[in-house]
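See structure below.
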Amino acid sequence: MRKMKINYQDKHVRTILYLLSFFIPFAIFAGYFAMHGMRILTVDLGQQYIDLLAFYKDHFFNPAAYSYSFANGLGGSLIGTFFYYLASPFNMLLLFFSKTQLPIAIYWIISLKVGTIGLTSYYYFQKHYQKIYALAGSNAFALSGYVIAYNLNLMWLDSLILLPLLILQIHQVGKKNWLILVTFLLWVTDFYTGYMALVFGFFYFAIYLFNHPTNWQKKLLNYVIKSTTATLLAAFALIPTIYEIINNKNSSAVFNWGIQFTPYKLLGKFISGSYSFHEMQAGLPNVYLTILFFLISLTYFLSQEFSLKERLSYAILLLFLFISCWFNPLVLFWHLGQFPTWYPARFSFVISFLLIELALKVLSRQSKISIKQLILIVLISAGLFTWLLTKNRFDFLDHNKVLISLVFAVIAIIIAAALPLKNILVQGLIWGLTIIATALNLNSSLNSISYQVNEDYSNFTENVASATNSIKSQDSSLYRLEKTFSRSDDDPFSDGYYGLSVFNSIANSKINSFISYQGLAHNSNAFINKFSTQVLDSLLGVKYTLQPYYGDDNVKNSQRMKYNNRLYRTDINSMTFGGDFKQLSYAINQTALPLAYISQRNWATNYFENQPIKNQQSFYTAATGDKTNLFTAINLPTAQLENAKASGNSTYQKKVLTQVATISYSFTPKTNNSYYLQLPASLTGKIVSFTINGESVDIDARYDQVKLLNIANKQKGKKLVLSFTLLKNKVNLANIIIWELNSKHLTTTLTKLKENQPIVKETKAGTIETSTFTTSGNKTLRTSIPYDNNWTIYDNGKKINYTKFTNTFLEIQLVNGKHQIKFVYVPHQFYLGLLLSVITGICLLAYYFYHKRNQ
């Protein structure tokens with residue numbers, strides 16, 4: 001058996017090894033989810049990415065749809081969004097599935113990406129290292145802690161596929177290589193993690209030159225020219241994306257010299273199953289690569305098979321990468337100037353890759369582990385596991401997980417101490433141990449995460465999309481639509497409508513700022529129509545509202561949609577009933593303004609933090625010219641206490657701590673107007689629960705903000721009991737206000753304003769046209785279309801200027817006469833980038849043919 005050898009040059013053997021590099025990680029990953037009903041949707045994958053992928057599927061043959069879409073919040077370009085979320089060629093697999101089957105399609109896409117990571121990393125490793133060890137290393141990388149933790153961010157995985165190919169091209173710099181192609185693909189498939197891979201590639205190349213200085217000037221020139229050429233080829237993606245990020249992003253990052261965590265804590269992430277939901281949200285970098293590869297990688301720095309110069313250079317790079325995980329200036333450097341919101345250390349895949357390669361260097365070059373190396377891994381193992389087993393130091397680890405890694409560490413030490421590394425059986429043993437270790441880590445890590453039921457997405461999307469398409473067939477004008485429930489903030493992308501919600505990392509900060517002033521639930525890159533009012537809906541053109549409909553009892557339980565995130569909106573009662581669909585009905589808001597409307601007067605708007613009533617009044621006055629105060633404050637009734645006592649300044653506390661305590665207010669509307677309860681920012685669902693006549697009402701927001709709850713409409717003389725149940729021992733209920741909306745005056749004003757308004761239609765993506773209309777005297781055409789320098793506006797075919805309305809939307813000053821307005825969105829940055837890409841491509845082709853002719 002010692003003499004047993006494998007002819008790795010044999011074509012069939014090479015094919016088998018390539019197939020194994022793909023199918024083993026693919027089977028482990030896909031098999032886990034197959035045993036769990038192929039439920040793969042969780043967190044952002046289920047609440048953001050799937051909706052964008054649905055949009056991708058719907059508009060695959062209409063790429064112009066990305067130039068501009070009103071599904072993107074109140075409206076905006078989706079070019080940057082495409083090159084962040086959707087540019088992966090794997091996404092074309094979606095075309096073979098129906099929209100309701102998207103969760104299954106995503107399952108296959110991610111599984112195929114995991115397998116392809118194994119394939120490309122093996123392709124690189126086997127060119128430099130022993131084949132079986134290369135196979136083990138590829139499996140460790142394909143199922144590394146980064147992949148297991150962040151597979152739900154499926155767009156990031158393309159960079160892990162391309163990273164080994166990038167490093168391979170770096171080794172071939174100065175010779176014939178594909179550096180231009182690989183660099184181009186890294187920029188285009190996902191510029192964000194592509195940037196991280198390319199930065200690592202630059203540092204890796206610097207070390208390569210340092211250790212291989214022969215013809216270094218020629219190699220450096222080749223690297224710079226080809227990297228620059230690839231970047232210019234990708235200009236059509238990079239320039240519009242960078243523009244959107246700079247123009248839209250509201251950076252909350254403040255440079256500081258602090259640290260993210262105590263550095264030694266990173267050791268806990270090399271243990272099997274070192275993951276949990278909290279780790280996804282705000283944890284430590286995911287650098288797991290199996291304890292065996294981790295320990296062997298450390299022996300590289302004591303290996304006499306490699307020069308001290310080489311070992312020091314890799315030690316410096318590795319130290320820099322580890323410091324980058326916790327030192328804030330370097331965290332900002334790797335994450336394009338932003339601290340990650342969720343998913344920490346998004347570049348950490350390069351750490352796992354480098355450690356695996358260092359381990360492969362040792363395994364392939366050395367015949368046996370030296371005594372010094374053995375002592376090193378024994379001491380590190382003894383210290384690490386003693387530290388972990390003496391106290392529960394991490395919430396994401398338990399003794400069982402630590403003991404599993406301890407067993408693998410002991411096996412690694414035995415192999416290092418007693419077995420020759422070049423023996424084929426030892427190689428097979430290490431490969432087998434790697435497969436088992438990565439599978440166990442996957443299972444224990446993902447078991448700590450909950451996943452959504454696929455049918456919840458399918459049923460929801462099928463019904464909502466059917467309803468919105470039906471409404472479109474009846475109304476061809478440009479309008480917005482909303483719901484009293486939601487599955488995600490990105491429902492408009494999945495369900496084909498324009499609404500008041502979005503969740504997008506490339507968010508328009510100006511729109512988010514406007515939304516925050518108006519009081520909708522929001523955070524830095526998302527908002528939703530929660531806490532909206534009749535005033536805001538009408539001014540923003542929300543013409544239709546979908547509601548649950550329970551009248552169809554013939555619907556099977558398996559096909560019933562879930563009405564999640566319900567909104568308490570009694571003001572829907574004032575709308576006109578539109579009709580019923582399967583499991584849904586809709587109401588028509590007769591006071592909703594078109595997205596472009598003629599107004600007479602020009603009033604300035606002044607917005608104030610956490611004063612949504614005042615801000616909506618200011619928006620209303622600016623839009624209509626009517627200075628009438630729409631809202632009137634009503635004194636809060638006397639509180640009725642149950643197991644609670646007042647302790648001054650509207651503060652209440654429990655009498656008996658072990659019993660339920662409530663503070664209630666009985667309120668009877670004196671009119672059929674809409675009434676809104678204003679709650680202070682400090683009052684959240686963690687402090688109290690809130691009910692109206694016993695019905696639970698959600699009061700949580702994304703950030704601490706003042707909240708408006710619509711508590712009554714057309715309920716004159718009907719008693720309402722507003723109850724707060726204490727979830728803490730004490731609560732402050734100061735600054736709670738009931739506002740009465742003058743609904744009749746609002747309806748009268750907006751109905752009159754809507755008379756003789758032009759019809760507004762979207763003729764194609766990024767093109768909006770009005771019907772012909774006539775104005776007498778100077779008027780203003782105001783819109784709820786977000787302002788953007790890329791708009792070009794024509795009046796009767798003649799280009800005209802435009803300004804900002806309420807510092808947010810487009811506004812046009814009109815003179816006396818007949819008008820026909822056309823809005824055209826022209827993504828200039830994309831065309832500029834495309835021009836650079838085309839010129840670069842032409843120059844590259846010219847050089848190629850010139851070089852070929854003169855060979």
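Nothing here was measured: the structure is a model prediction, and the numbers come from that model.
A side-chain hydrogen bond (donor to acceptor under 3.5 Å, both in side chains) with S159 is found for one member of T189, D190, T193 and no other, namely T193. Each of F236, W187, Y66 was scored for a ring-ring contact (aromatic ring centres under 6.0 Å, His included) with F83, with one residue passing: F236. Of the residues F805, F527, F809, the one that meets the ring-ring contact (aromatic ring centres under 6.0 Å, His included) test with F514 is F809.
Every ring-ring contact (aromatic ring centres under 6.0 Å, His included) that F485 has, sequence neighbours left out, goes to F460, Y563. Shown here are the salt bridge (Lys or Arg N to Asp or Glu O under 4.0 Å) partners of D788, two or more places apart in sequence or in another chain: there are none. Not a single ring-ring contact (aromatic ring centres under 6.0 Å, His included) links Y620 to another residue, sequence neighbours left out. Here K707 pairs with nothing under the side-chain hydrogen bond (donor to acceptor under 3.5 Å, both in side chains) rule; sequence neighbours left out. With sequence neighbours excluded, the residues satisfying ring-ring contact (aromatic ring centres under 6.0 Å, His included) with Y825 are Y68, W791. Contacts of Y607 classified as side-chain hydrogen bond (donor to acceptor under 3.5 Å, both in side chains), with partners at least two apart in sequence or in another chain: T806. In this view, E279 and K269 satisfy the salt bridge (Lys or Arg N to Asp or Glu O under 4.0 Å) rule, not counting sequence neighbours. Checked against ring-ring contact (aromatic ring centres under 6.0 Å, His included), Y457 has no partners two or more places apart in sequence or in another chain.
Counting only heavy atoms from C-beta outward, the side chains of C325 and F347 approach each other to under 4.5 Å. Considering only heavy atoms from C-beta on, D491 stays 4.5 Å or farther from T461 through its side chain. The side-chain heavy atoms of I106 and P103, taken from C-beta on, include no pair separated by under 4.5 Å. Between F90 and L154, every side-chain heavy-atom pair lies at or beyond the 4.5 Å cut-off. Counting heavy atoms from C-beta on, the side chains of L708 and L677 never come closer than 4.5 Å.
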Q: Go through S784 and R480 one step at a time and tell me if the side chain to side chain donor-acceptor pair (under 3.5 Å) criterion holds.
A: CA-CA 10 Å; S784 56; R480 293 190 173 99; 2.9 Å; yes
Q: I would like to know whether N328 and Q260 meet side chain to side chain donor-acceptor pair (under 3.5 Å); could you show each step before the answer?
A: CA-CA 7 Å; N328 282 341; Q260 298 276 307; 2.6 Å; yes
**Q.** Audit row: N454, Y107, side-chain contact (heavy atoms from CB on, under 4.5 Å) steps and yes/no
**A.** CA-CA 11 Å; N454 291 343; Y107 158 78; over 6 Å; no
Q) Stepwise, does the salt bridge (Lys or Arg N to Asp or Glu O under 4.0 Å) test hold for R487 with D456? A) CA-CA 9 Å; R487 192 198 63 82; D456 288 350; over 6 Å; no
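A donor-acceptor pair is defined here as one N or O able to donate and one able to accept, closer than 3.5 Å; such a pair exists between the side chain of N615 and the backbone of F608. Distance alone, capped at 3.5 Å, places no donor-acceptor pair between the N525 side chain and the A507 backbone. With hydrogens and angles ignored, the 3.5 Å screen pairs a side-chain donor or acceptor of S348 with a backbone N or O of A345. Counting only distance, with no hydrogens or angles, the side chain of E609 and the backbone of Y517 share no donor-acceptor pair below 3.5 Å. The backbone N or O of D489 sits less than 3.5 Å from a side-chain atom of S501, completing a donor-acceptor pair. In this structure, Y676 contributes its side chain and L709 its backbone to no donor-acceptor pair below 3.5 Å.
Residue K728 places its NZ atom among 12 or fewer non-hydrogen atoms of other residues, nucleotides or ligands, all under 6.0 Å distant. For N735, the CG atom sits in a loose shell: 12 or fewer heavy atoms of surrounding residues, nucleotides or ligands are nearer than 6.0 Å.
Evaluation of the salt bridge (charged side-chain N to carboxylate O under 4.0 Å, His left out) test over residues 525-539, restricted to residues two or more places apart or in two chains, returns K530-D698, D537-R569. The side-chain hydrogen bond (donor to acceptor under 3.5 Å, both in side chains) pairs that include a residue from residues 681-690 number zero, where partners must be two or more places apart or lie in different chains. Applying the salt bridge (charged side-chain N to carboxylate O under 4.0 Å, His left out) rule to pairs touching residues 321-346 yields nothing, sequence neighbours excluded.
Ring geometry for F277 against W342 counts as perpendicular: the plane angle is over 60°, on a 0 to 90° scale with 30° as the lower cut. F333 and F320 have perpendicular rings, their planes meeting at more than 60° on a 0 to 90° scale where under 30° would count as parallel.
A distance of 6.0 Å or more separates the ring centres of F349 and F200. Proximity of the aromatic rings of Y84 and F191 is defined here by a centroid distance below 6.0 angstrom, and this criterion is met. Taking the six-membered ring where the residue is Trp, the centroids of Y544 and Y479 are separated by under 6.0 Å. Residues H59 and F55 bring their aromatic ring centres within 6.0 Å.
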Under 3.5 Å donor-acceptor pairs involving side-chain atoms of residues 826-833, not counting sequence neighbours:
{"unit_1": "H828", "atom_1": "ND1", "unit_2": "N790", "atom_2": "OD1", "d": "2.8"}
{"unit_1": "H828", "atom_1": "ND1", "unit_2": "V826", "atom_2": "O", "d": "3.1"}
{"unit_1": "Q829", "atom_1": "OE1", "unit_2": "N790", "atom_2": "ND2", "d": "2.9"}

